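Just so you know, residue 1 is the first one in the sequence shown, and it goes up from there. Keep in mind it's a predicted model, so treat the numbers as computed, not measured.
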Amino acid sequence: MVVGAYPIVKLLMLGVRQVSRPLANSIKASARRSQFFKRYICLPPAQVYHWIEMKAKMRIMGFKGAQVQPLSEEVAAELGAELLGEAIVFGIGGACILAEYIRQAANSLKKEEALNSTLQSLEQQVAQLSLTVEELDARVRENNRLVHSLPQVSK
């Protein structure tokens, strides 16, 4: 059953990604138009991303002390909007995975409770059967005692 579920999960995640793309694109368009959004939301992450990327590339190529030039405002705004769009898609995907995890945990908790209930019911039945067996054993002993205490009839 688990193997069959993977294609469905992949298909659902692809659907979520396709649905979240237009949302991310509209937020990116709003970010490009708004100066506040551009300056305080898009530019700082874009500059940090650019700085980290360039530092990593410089170290790989062997330039350890090279200075990284910041991006121009337009390029940084575009990169920041792209980062924001990807973060939105990633966030929606993560929320879907979290929701699925919570749903699976709830299902497993329900199954565990049902098994515990069944086990408790079976334990009660075993206890009742044990009492019944003890009662019947006592009756058999009493009947045997009565049979042995009767006077023997001679033939």
Could you list the donor-acceptor pairs under 3.5 angstrom formed between side-chain atoms of residues 86-99 and any protein atom two or more places apart in sequence or on another chain?
unit_1 : atom_1 : unit_2 : atom_2 : d
Glu86  : OE2    : Arg21  : NH1    : 3.2
Glu86  : OE2    : Arg21  : NH2    : 2.9

Inset, instruction - Grab the two heavy atoms, one from Gln35 and one from Glu73, that are nearest each other, plus how far apart they are. - result: OE1-OE2, 4.3 Å

Legend entry - Basic-acidic side-chain contact under 4.0 Å: Glu142, Arg145: yes

Inset, instruction - Would you confirm whether Ser121, through its side chain, and Ser117, through its main-chain N or O, come within 3.5 Å as a donor-acceptor pair? - result: no

Legend entry - Residue Arg139 excluded, over 12 heavy atoms near CZ under 6.0 Å: no

Inset, instruction - Identify the heavy atoms of Ala46 and Ala76 that sit nearest to each other, and give their distance. - result: CB-O, 3.1 Å

Inset, instruction - Return each pair, listed once, that meets salt bridge (Lys or Arg N to Asp or Glu O under 4.0 Å) where at least one residue sits in residues 41-53; pairs must be two or more places apart or across chains. - result: Glu53-Lys57

Legend entry - Heavy-atom donor-acceptor pair, Thr118 side chain to Ala114 backbone, under 3.5 Å: yes

Inset, instruction - Measure the spacing between CE of Met54 and CD of Gln67 and express it to the nearest 0.5 Å. - result: 11.5 Å

Inset, instruction - Apply the test side chain to side chain contact (heavy atoms under 4.5 Å, CB included) to residues Trp51 and Lys55: give CA-CA distance (whole Å), side-chain angles for both, the deciding distance (0.1 Å), then the verdict. - result: CA-CA 6 Å; Trp51 185 82; Lys55 280 291 189 181; 3.6 Å; yes

Inset, instruction - Can you see which heavy atom on Cys42 is nearest to which on Ala77, and at what distance? - result: CB-O, 4.1 Å

Inset, instruction - Answer yes if the side chains of Glu100 and Gln104 hold a donor-acceptor pair under 3.5 Å, and no otherwise. - result: yes

